[in-house]
Amino acid sequence: MSLELFNTLTRKKSPFRPLEAGQVKLYTCGPTVYDTAHIGNMRTFIFEDLLRRYLTYAGYKVLHVMNITDVDDKTIERAIREDRDLQELTGHYTESFIADLATLNILPAQHLPRATEFVAEMAAGIETLVQKGHAYATPDGSVFFDISSFDGYGQLVNLQPDQQRAGERTAEDDYGKDQAADFALWKAHKPSDGPYQWPSPWGPGRPGWHMECSIMSTHFLGPHFDIHCGGVDNIFPHHENEIAQSRCLFGTPFVETWLHSEHLIVDGEKMSKSRGNFYTLADILDRGYSAAAVRYTLLTTHYRQQLNFTFAKVAESQKALNRLRELARRLEQASDGAGGEEVPAPDAELRAALDNDLNIAGALGAIFGWAKELFGRLDGQTLGPAGARAALEALRRYDEILGCIFVNEAAGDAAAIEALLKERNAARSAGDWARADAIRDELAGQGIILEDGAEGTVWKRG
RNA sequence: GGCGACGUACCCAAGUGGUCUAAGGGAGCGGUCUGCAAAACCGCGAUUCACCGGUUCGAAUCCGGUCGUCGCCUCCA
């Protein structure tokens, strides 16, 4: 068995083979840093994290690049509207984005290039495209890609230009191009852009959005690399345009495998600010849910399936996660000593599931089925210490992929909880059940669950 | 108008032609344990996979049609 991935380009699952043995070159489309990222964005980054972690688990070295779009219509508009410096604004949201990734235990890319660091390279690339006859400048100093100059245009999304309806957004973005379908490589400076402009052979302006990904991905990964990811909304026009630019610029194949994650919806509806169902990570954590539960929720729906986000689902995730953490705790407890029986870990099933286009639900099914067996043996005392240690090791191994079992939750008030626990245990010894239950209720109000067992009381987040 | 995805129990969801009288998680019910709980364990739950036809010895899985939900069609992950 080997990893198979669903390639958007071919609309088929096919075996994944890196161009260079043992080494995967991965580019993932990052955020436009004009506002706080929302959980829909995070869903995509969690999918990419699963991909990266599983590739690593499967033995590949992964070189991962993610761009930060820090110059485009939205960032400039916002900076001017809020009277903030563009760099200050984008710097702020970039930091908040990186903090959210860390909170969700998403491994950071080795390179996080910002578009503004590559404007000169982008301009040079555009100049080459003009020279090769794939692009043209307009009198106002903008440059457009001529899609009629590239035969392969439309292959990613299977579009026939003559069958398309003119969209409302076409007009908004009209800088004077020849055909509606041509797209901007360079946008001439307009008064509404304020002070934000960069020099170019066509006069002051700024790069179009698509160009940054072509230039920055190939800068770090070379003109022909393995995997490029993003949300489904990026398939067209962004990735379609990237293919056109890159192929014409470098004259080589561009990306082998395109992977796209479906959108997250909320309570069955599209997430939008006007519907009031627009959530950031902080919004959810403020309601008392743990970051690990959010990660589990976003992780465990297959990436090509729409994820219907509900708070009930986050609560379910927390419980499922608690079960695995309880297993870890019980295994640790049972691991002193030597000898005894073992339960074979489901490594093969886990690999088989994830090899199948990252079938995470199948992988979890294997883990939970095994967990059930282990719990039964722990209760029946038929698992030896060696078996417990082996199982614990396997669980740690699986968490290198899941990233949400063995994580340190921010338990800032751990000392206060311990103090209350001590008081409650004293009350219990004295038979003062009213006081003991009052403390348990109080902690329950803070989302802390107490469990009285033979070995004493343990607490966990609920 | 064009392109595409999806429809499995109360909810989420696996399943890619036979081992499916269909994993796993959550919720529910009964029991063990517990001061009472919680957690854990044991037991119970789809003869059926939106609907209708077809292919096949055999279909949730392949093909055709119908109904329904959703996404994209030029800067939204």
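We use all heavy atoms of the structure for the numbers below, so side chains are in, but hydrogens, waters and symmetry mates are not. All chains are named by letter (A, B, ...) in the order of the sequence lines, taking the proteins before the strands, and each is independently numbered beginning at 1.
Side-chain contact check for Asp100(A) and Thr103(A): no donor-acceptor pair (N or O, by modelled atom type) lies under 3.5 Å. Side-chain contact of Lys313(A) with Asn308(A): a donor-acceptor pair under 3.5 Å is absent, judged by distance alone. Using modelled atom types and a 3.5 Å distance limit, the side chains of Thr44(A) and Ser261(A) yield a donor-acceptor pair. Residues Thr382(A) and Glu341(A) bring no donor and acceptor atom of their side chains to less than 3.5 Å of each other. Thr116(A) and Asp70(A) are linked by a side-chain donor-acceptor pair at a separation below 3.5 angstrom, with hydrogens and angles left out of the test. In summary, the side chains of Tyr27(A) and Asp226(A) do not present any donor paired with an acceptor at a separation below 3.5 Å, with no hydrogens or angles considered.
What separates CG of Asn359(A) from C1' of A23(B) is a distance of 11 Å, to the nearest Å. Between the CG atom of Asn308(A) and the C1' atom of C6(B) there is a distance of 13 Å, given to the nearest Å. Distance, His238(A) NE2 to G71(B) P: 22 Å, rounded to whole Å. Counting to the nearest Å, the P atom of G15(B) and the CG atom of Leu364(A) are 12 Å from each other. Put simply, CG on Asp72(A) is 18 Å from P on U74(B), counting in whole angstrom units. Per the geometry, NE2 belonging to His260(A) stands 23 Å off P belonging to C70(B), to the nearest Å. Rounding to whole angstrom units, CD of residue Gln155(A) and C1' of G2(B) are separated by 18 Å. His239(A) places its NE2 atom 14 Å from the P atom of C73(B), with the value rounded to the nearest Å.
Atom name C1', nucleotides C11(B) and G71(B): the rounded distance is 23 Å, in whole Å. Using atom P as the reference point in both U21(B) and C73(B), the two lie 44 Å apart (nearest Å). Rounded to whole Å, the separation between the C1' atoms of A27(B) and A9(B) comes to 12 Å. With both ends at atom C1', the span from U61(B) to A22(B) equals 11 Å, rounded to whole Å. Remark: the separation of the P atoms in G30(B) and A37(B) is 12 Å, to the nearest Å. Here, A39(B) and C10(B) have their P atoms 24 Å apart, quoted to the whole Å. Rounded to a whole angstrom, the distance from the C1' atom of A13(B) to that of A23(B) is 10 Å. Rounded to the nearest Å, the gap between the C1' atom of G25(B) and that of A14(B) is 11 Å.
Of the candidates U74(B), C12(B), G25(B), the closest approach to any side-chain atom of Phe236(A) belongs to U74(B).
Applying the side-chain hydrogen bond (donor to acceptor under 3.5 Å, both in side chains) rule to Arg330(A) yields the partners Asp379(A); only residues at least two apart in sequence or on another chain are considered.
We find that Asp347(A) and Arg351(A) are not joined by a salt bridge, their nearest charged nitrogen and carboxylate oxygen being 4.0 Å or further apart.
Nucleic acid contact class of Ile235(A) (heavy atoms, under 4.0 Å, all strands): none. Nucleic acid contact for Lys74(A): sugar-phosphate only, since backbone atoms but no base atoms lie under 4.0 Å from a heavy atom of the residue. Within the nucleic acid shown, His263(A) comes within 4.0 Å of at least one base atom, counting heavy atoms only. Contact annotation for Gly230(A): backbone-only contact, meaning every heavy-atom pair under 4.0 Å involves sugar-phosphate atoms and none involves a base. Residue contacts for Ala361(A): at a heavy-atom cut-off of 4.0 Å it reaches a base atom on one of the strands shown.
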Applying ring-ring contact (aromatic ring centres under 6.0 Å, His included), run through Phe45(A) and Phe97(A) and close with a yes or a no.
-> CA-CA 11 Å; Phe45(A) 301 128; Phe97(A) 171 70; 5.1 Å; yes
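Of the residues near RNA chain B, His38(A) and Ala312(A), the one whose nearest nucleotide (by heavy atom distance) lies more toward the 5' end is Ala312(A). Map Leu307(A) and Arg304(A) each onto its nearest nucleotide of RNA chain B; the residue landing nearer the 5' end is Arg304(A).
Residue Asn41(A) places no side-chain N or O under 4.0 Å from the OP1 or OP2 atom of C76(B). The side chain of Asn356(A) places an N or O atom within less than 4.0 Å of a non-bridging phosphate oxygen (OP1 or OP2) of G15(B). Contact annotation: Gln305(A) side-chain N/O to A14(B) OP1/OP2 distance is under 4.0 Å.
Other residues, nucleotides and ligands contribute at most 12 non-hydrogen atoms within 6.0 Å of the CG atom of Asp151(A). Residue Gln381(A) qualifies as open at atom CD: its count of foreign heavy atoms under 6.0 Å is 12 or below.
No side-chain donor-acceptor contact under 3.5 Å links Ser142(A) to the backbone of Thr138(A).
For Asp182(A) against U74(B), a side-chain-to-base donor-acceptor contact under 3.5 Å is absent.
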Contact state string [nucleotides 34-42 of chain B, B base, S sugar-phosphate only, - no protein heavy atom under 4.0 Å] = -BBBBSSSS
For RNA chain B, the expected dot-bracket line (Watson-Crick or G-U under 3.5 Å, [ ] crossing, | inter-strand) is ((((((((.[[[..)..(.....]]].(((((.......))))).....[[[[[..)....]]]]])))))))....
